[in-house]
Amino acid sequence: MFKSLKKAMAVALIALCPLVAKAEYPERTINLVYPWGPGLTMSISQILAEAMSDELGVAMPVISTPGAAGTKGFLTAMNRPADGYTLIDGYVAPLVLQPLLGNADWTFKDFTPLHSAFSNPFAIAIRKDNDRWASFEELMAYAKEHPGDLRYSSGSRNNLPHMVIAKTLQGFGAVAQNIPYNADADAMSDLRSGVLDFAFINVAEYQTKPDAYKVLIVLSDLEGAKESFNGAPSIADLAIDLGLSGLAPMGWNWWLVHSDTPPERVAVLRKAMATAMARDDVQQAIKRLGFVPLKWDWDQYDEVVAQVQGQLTEMGNALKWEEEQLSKLK
């Protein structure tokens, strides 16, 4: 009887083998590991994940995994199997900036790209009723003539917005004092009350209180970035080249997978994400929230991100330049 049962099981397994062999990827939920806490940016990732889920026919939840300037999320994803069921929402901070600062032991080339996603342009703003400067050039001229007199904030010190602003000031030979804050909301409150002369502002803050700020310059030359700040001038309109271009002076993400992910699964994911990004409803949803959809496909990843890495290095030098200039004023 045992032999008969064993034979029957073997026959059943043989019968199932063709079904197993024909199973197509993906068969189950694909997780997107998001390296920050919930907020506007995560909402946009959820829009894109839902569109990609439509293309793949499986659920794609966005898993918030904040901590350590985004590197915790990366480590969490990298420690999961490289089977195509875990994607990384690859933001510039954990992908490029933290490795440059010595806080992560990977480079952007240690990941396999799918497609670029969207950017979060930065801007420099003053309070709405501040009529001291009619343009960004006038603000920079004042800062150059009165080194160290103006106070600004990028939120915390030595973050990406601070690096971008320091590079911008250096380009004009202007010196101002960066006032650090533990919370961006406190910096914005002090800008509106006149404690600060100018400050970094992101899309979310501007769209929440558009009547509270006068945006002097959008720190992006990407098409569509000016619309995020109601048509304010951008660095592309300046008469000088600040050495800031492409994705370097802003937040952005590129969806990634572990480098050991099987190529045939990578191909499926790339096709699905490219199709999702090309959908008009996805493009419009991203734009409505003030972000800029990105067009770069996987084969442009190395070139585009390498350019960011090079410019971030120069921005780090601008931070040192700012410190040296301020120390001379003491």
Side-chain angles (χ1 to χ4, degrees), residues 23-36 38-65 70 73-74 76-77 80 82-92 94-95 108 111-121 203-204 220 222-225 227-228 246-247 250-259 261-305 308:
E24 294 184 358
Y25 168 82
E27 302 175 274
R28 54 182 170 83
T29 296
I30 297 175
N31 292 316
L32 176 72
V33 177
Y34 174 80
W36 312 114
L40 177 61
T41 312
M42 181 171 170
S43 297
I44 301 176
S45 287
Q46 288 173 320
I47 291 170
L48 183 52
E50 185 175 339
M52 195 167 166
S53 169
D54 293 342
E55 303 300 324
L56 293 169
V58 297
M60 187 181 290
V62 179
I63 312 299
S64 173
T65 314
F74 270 52
T76 298
R80 292 185 178 185
D83 55 7
Y85 286 97
T86 299
L87 310 188
I88 305 171
D89 205 330
Y91 274 80
V92 56
L95 181 63
F108 68 89
F111 303 90
T112 296
L114 302 182
H115 197 283
S116 59
F118 50 84
S119 70
N120 177 10
V203 171
S220 170
L222 291 187
E223 183 180 353
E227 284 72 16
S228 300
L247 289 178
M250 70 194 77
W252 53 265
N253 59 343
W254 206 301
W255 286 10
L256 314 164
V257 291
H258 195 289
S259 59
T261 304
E264 63 276 14
R265 296 189 174 187
V266 172
V268 170
L269 293 169
R270 282 173 171 167
K271 181 180 179 181
M273 186 171 179
T275 303
M277 281 301 301
R279 282 173 40 175
D280 185 64
D281 61 326
V282 174
Q283 295 267 323
Q284 295 306 317
I286 294 173
K287 291 177 181 177
R288 276 197 298 274
L289 294 172
F291 285 55
V292 179
L294 300 178
K295 303 175 181 177
W296 292 296
D297 209 347
W298 67 270
D299 55 350
Q300 298 166 287
Y301 172 80
D302 282 353
E303 177 185 357
V304 173
V305 181
V308 173

**Request:** In sequence, state the C-alpha distance, the side-chain angles, and the governing distance for Leu114 and Met277, and then conclude on side-chain contact (heavy atoms from CB on, under 4.5 Å).
**Result:** CA-CA 11 Å; Leu114 302 182; Met277 281 301 301; over 6 Å; no
**Message:** Is any side-chain heavy atom of Met273 closer than 4.5 Å to one of Leu48?
**Reply:** yes
**Message:** Before you tell me yes or no, could you show the steps for Asn120 and Ile44 under side-chain contact (heavy atoms from CB on, under 4.5 Å), namely the whole-Å CA-CA distance, both residues' side-chain angles and the distance that decides it to 0.1 Å?
**Reply:** CA-CA 11 Å; Asn120 177 10; Ile44 301 176; over 6 Å; no
**Request:** For residues Leu269 and Met52, determine if any side-chain heavy atom of one lies less than 4.5 Å from a side-chain heavy atom of the other.
**Result:** yes
**Request:** Please report the shortest heavy-atom distance between Glu27 and Val58, naming the atom on each side.
**Result:** C-CG1, 4.3 Å
**Asked** Is NZ or CZ of Arg80 both nearer than 6.0 Å to the six-membered ring centre of Tyr85 and within 45° of the ring axis?
**Response** no
**Request:** Walk me through it: do Thr65 and Thr76 pass the test side-chain contact (heavy atoms from CB on, under 4.5 Å)?
**Result:** CA-CA 8 Å; Thr65 314; Thr76 298; 3.6 Å; yes
**Complete:** Minimal heavy-atom distance between Val203 and Ser228, with the atoms involved, is CG2-CB, 4.1 Å
**Request:** Report yes or no: does Ser64 contribute a side-chain atom to a donor-acceptor pair with the main-chain N or O of Trp36 at less than 3.5 Å?
**Result:** yes
**Request:** Indicate the atoms forming the closest heavy-atom contact of Asn31 with Pro61, along with that distance.
**Result:** OD1-CG, 3.2 Å
**Prompt:** Does any N or O in the side chain of Ser119 come within less than 3.5 Å of the main-chain N or O of Gly251, such that one atom is a donor and the other an acceptor?
**Reply:** no
**Item:** Nearest non-hydrogen partners of Ala225 and Ser220, listed with the distance
**Value:** CB-OG, 3.4 Å
**Asked** Does any non-hydrogen side-chain atom of Phe291 lie less than 4.5 Å from one of Asn253?
**Response** no
**Message:** For residues 39-50, which residue pairs pass the side-chain hydrogen bond (donor to acceptor under 3.5 Å, both in side chains) check, not counting sequence neighbours?
**Reply:** Ser45-Asp89
**Asked** Do Tyr301 side-chain atoms and Trp254 backbone N/O form a donor-acceptor pair below 3.5 Å?
**Response** no
**Prompt:** Do Met42 and Val62 touch side chain to side chain, with heavy atoms closer than 4.5 Å?
**Reply:** yes
**Asked** Hey, are the side chains of Val92 and Leu247 touching, using non-hydrogen atoms and a 4.5 Å cut-off?
**Response** no
**Request:** For the residue pair Leu87 and Met60, establish whether any side-chain heavy-atom pair is separated by less than 4.5 Å.
**Result:** yes
**Item:** Least distance between heavy atoms, Trp255 atom then Ala49 atom
**Value:** CH2-N, 3.6 Å
**Least distance between heavy atoms, Leu95 atom then Gly90 atom** = CD2-O, 4.2 Å
**Request:** With sequence neighbours left out, write down each residue that passes salt bridge (Lys or Arg N to Asp or Glu O under 4.0 Å) with Asp297, or none if nothing qualifies.
**Result:** none
